[in-house]
Colleague: 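Let me begin by handing over the structure; questions about it come next.
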Amino acid sequence: IIENLGEGLIGIDRSMTINVYNQLAEKITGIPRSLTIGKPIAEVMQSNTWVVEMAEKTLREGKSYAEYEGKLYQSFKNAIPVIITTSPLLDSDGDPSGVIVLLKEISGIRLLEVDSIRKDRLAIIGTFATGIAHEVRNPLGGIKGAAQLLSRMGKNNDIDEYTDIIVRETDRLNNILEDILNFANPKDFKLKAINIHEALDSAMKMIALPKDIFITLEYDPSLPPILGNKEQLTQVFINIIKNSVEAIDKSGEVRILTRMVTDFHLIESGYKGTKIASIEIRDNGCGIPSENLDKIFTPFFTTKPKGTGLGIALSFRIIKEHGGFFRIESSPDKGTKVFIYLPIAEEYKDEG
């Protein structure tokens, strides 16, 4: 029963020595049982002193502490959100003789919460952007028409130079408005079983690579078809791969990896399966500062001189419409990893 609990369990005796450590505790902490049994919890949890302090307080006071949320640093230095509950283990006289520590990882819950907030925010911005785009389009057309008429009134090199600039810039603004309208009013598309590798290959054909930047493919040939729209997903991959290439200063590599994930659960969009396809696009470019990581999903936020800030926001929306998830990990000067999770076609159940 202890080994198959849905939470990590650590049993500690009166001397704060670990004597029970189930398999989920191993997975959550990243520390094998062979390095924990018979060892003081303070030694095992050197990177997580708050857990030790909770256990000591529980033993000292004989009280339970439930649902305490914090970050747990694993043995390989990754920090994951967890909920910890500690309870005193009482002897026959009712005195504390040890402590039971329960660990529950909540990364998936936090991911759902963050995605839900982003989805609501994008819906509001989309409605606002539609109104602005329609209002700007009419005067923009008038400006372009006036510039074209002015250029036909007579041959004047100075006037022609400026009217050409006006026409060119109004065309550029009109293209931005088209992007805004596409973002705010997504086209209806049908999902069907597709080969995700074909969508990735189509995207790469649309991207011109600088001389010293290479793309390495690590496809899982056994990956089954995913449920998606090839045209829409190709657009997502173009946006992300271009961002990766542009983040590399002079020379470097973009790696694209696909694999099956069997321990990921999606609870939105009718998806109830346990299998999901993971597409990872990583680069060794300049990376993203931590203060910008949340902002990059916001429309019109960009650090590029000529960027519109719609690429990632549009990609995020498309992945959500596929019933999938979108995650980014990045550090300055260490590169960026973009993870896209999409349902396997056979695992999808339409609840409509």
Colleague: Hey, any chance Leu5 and Ile83 share a hydrophobic cluster, counting ILVMFWY side chains that come within less than 4.5 Å of each other, even indirectly?
Modeller: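 Per the 4.5 Å side-chain linkage, Leu5 and Ile83 are not co-clustered.
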
Colleague: Identify whether Phe214 and Met204 are in the same connected component of the hydrophobic contact network (ILVMFWY, side-chain heavy atoms under 4.5 Å).
Modeller: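 Hydrophobic grouping puts Phe214 apart from Met204.
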
Colleague: Kindly say whether Ile28 contributes a backbone atom to a donor-acceptor pair with the side chain of Gln74 at under 3.5 angstrom?
Modeller: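 Flag set: sc Gln74 to bb Ile28 pair under 3.5 Å.
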
Colleague: Donor-acceptor pair, distance only, cut-off 3.5 Å: does the side chain of Arg255 make one with the backbone of Asp283?
Modeller: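 Answer holds: no.
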
Colleague: For the atom pair CD (Glu329) and NZ (Lys334), what is the distance rounded to the nearest 0.5 Å?
Modeller: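 If I round to the nearest 0.5 Å, the distance is 12.5 Å.
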
Colleague: Does the distance from a Lys or Arg side-chain N to an Asp or Glu carboxylate O, for Arg282 and Glu218, drop under 4.0 Å?
Modeller: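 Looking at Glu218 together with Arg282, the answer is no, because their closest N to O distance does not fall below 4.0 Å.
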
Colleague: Pairing donors with acceptors under 3.5 angstrom, does anything connect the side chains of Asn22 and Glu26?
Modeller: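 On atom types as modelled, these side chains do not qualify, holding no pair under 3.5 Å.
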
Colleague: Using a 6.0 Å distance limit plus a 45 degree cone around the ring axis, check whether Lys320 lies over the aromatic ring of Phe325.
Modeller: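 So Lys320 does make the cation-pi contact.
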
Colleague: If you measure from OH on Tyr65 to OG on Ser87, what distance do you get to the nearest 0.5 Å?
Modeller: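 With rounding to 0.5 Å, OH (Tyr65) is 11.5 Å from OG (Ser87).
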
Colleague: How far does CE of Met206 sit from NZ of Lys242, to the nearest 0.5 angstrom?
Modeller: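 Here the interatomic distance stands at 9.5 Å.
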
Colleague: May I ask you to decide if Ser64's main-chain N or O and Thr58's side chain share a donor-acceptor pair within less than 3.5 Å?
Modeller: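 No: the side chain of Thr58 does not pair with the backbone of Ser64.
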
Colleague: Say you draw a straight line from CG of Leu342 to CG of Leu227; how long is it, rounded to the nearest 0.5 Å?
Modeller: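 Result: 9.0 Å between the selected atoms.
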
Colleague: Among residues at least two apart in sequence or on other chains, which ones pass side chain to side chain contact (heavy atoms under 4.5 Å, CB included) with Ser15?
Modeller: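 Counting only residues at least two positions away or on another chain, Ser15 forms a side chain to side chain contact (heavy atoms under 4.5 Å, CB included) with Asp13, Thr17.
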
Colleague: Check for me, please, whether Ile100 and Met45 land in the same ILVMFWY cluster - side-chain distances under 4.5 Å, paths through other members count.
Modeller: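 No, separate clusters.
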
Colleague: Please list, chain by chain and in numerical order, all residues satisfying side-chain hydrogen bond (donor to acceptor under 3.5 Å, both in side chains) with Asp91, sequence neighbours excluded.
Modeller: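 Asp91: no side-chain hydrogen bond (donor to acceptor under 3.5 Å, both in side chains) contacts found.
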
Colleague: Hydrophobic cluster membership, with links at side-chain heavy-atom distances under 4.5 Å among I/L/V/M/F/W/Y: are Ile312 and Leu314 in one?
Modeller: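 Yes: a chain of side-chain contacts under 4.5 Å links Ile312 to Leu314.
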
Colleague: Without swapping roles, check the side chain of Asn48 against the backbone of Val51 for a donor-acceptor pair under 3.5 Å.
Modeller: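 A pair under 3.5 Å: no.
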
Colleague: Do other residues, nucleotides or ligands put more than 12 heavy atoms under 6.0 Å from the CD1 atom of Ile165?
Modeller: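 Check passes, neighbour count above 12.
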
Colleague: Evaluate the criterion side chain to side chain contact (heavy atoms under 4.5 Å, CB included) for residue pair Asn229 and Lys190; output intermediate values, then yes/no.
Modeller: CA-CA 7 Å; Asn229 178 279; Lys190 292 184 178 180; 5.8 Å; no

Colleague: Determine whether more than 12 heavy atoms belonging to other residues, nucleotides or ligands lie under 6.0 Å from atom CE of Met260.
Modeller: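 For Met260, atom CE is crowded (more than 12 foreign heavy atoms under 6.0 Å).
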
Colleague: Does Asn284 reach the main-chain N or O of Gly252 with its side chain, forming a donor-acceptor pair under 3.5 Å?
Modeller: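 It does not hold such a pair.
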
Colleague: Using side chain to side chain contact (heavy atoms under 4.5 Å, CB included), reason through Ile240 and Ile340 one step at a time and then give a plain yes or no.
Modeller: CA-CA 10 Å; Ile240 298 171; Ile340 296 172; 3.4 Å; yes

Colleague: Taking the side chain from Trp50 and the backbone from Leu72, do they hold a donor-acceptor pair closer than 3.5 Å?
Modeller: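 No, because the side chain of Trp50 does not come within donor-acceptor range (under 3.5 Å) of the backbone of Leu72.
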
Colleague: Is the backbone N or O of Glu3 less than 3.5 Å from a side-chain atom of Gln23, with the two atoms forming a donor-acceptor pair by type?
Modeller: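 Judged by distance alone, yes, a pair lies under 3.5 Å.
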
Colleague: Please check if any side-chain donor atom of Arg259 sits under 3.5 Å from a side-chain acceptor atom of Tyr219, or the reverse.
Modeller: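 Per modelled atom types, Arg259 and Tyr219 side chains form no pair under 3.5 Å.
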
Colleague: Hey, is Glu53 close enough to Lys57 for a salt bridge, meaning N to O under 4.0 Å?
Modeller: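 Salt bridge flag = no for Lys57 with Glu53.
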
Colleague: Looking at CG of Leu9 and CG of Leu24, how far apart are the two atoms once the value is rounded to the nearest 0.5 Å?
Modeller: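 Nearest 0.5 Å value for the CG-CG distance: 10.0 Å.
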
Colleague: Are Met54 and Ile84 close enough that some pair of their side-chain heavy atoms sits under 4.5 Å apart?
Modeller: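 Side chain of Met54 against side chain of Ile84, heavy atoms only: contact under 4.5 Å found.
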
Colleague: Regarding Asp212 and Lys250, does a basic nitrogen lie under 4.0 Å from an acidic carboxylate oxygen?
Modeller: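 Salt bridge flag = no for Lys250 with Asp212.
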
Colleague: Centre of Tyr21's six-membered ring, under 6.0 Å away, within 45 degrees of the axis: is that where NZ or CZ of Arg33 sits?
Modeller: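 Output no; distance or angle outside limits.
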
Colleague: Between Thr258 and Leu200, is the side chain to side chain contact (heavy atoms under 4.5 Å, CB included) condition met? List the steps.
Modeller: CA-CA 10 Å; Thr258 63; Leu200 285 163; 3.9 Å; yes

Colleague: Take Leu103 and Val101 through the side chain to side chain contact (heavy atoms under 4.5 Å, CB included) test and state the conclusion after the steps.
Modeller: CA-CA 7 Å; Leu103 307 172; Val101 179; 4.0 Å; yes

Colleague: Could you measure the distance from the OG1 atom of Thr49 to the OH atom of Tyr73? Nearest 0.5 Å is fine.
Modeller: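 Spacing of OG1 (Thr49) from OH (Tyr73) equals 10.5 Å.
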
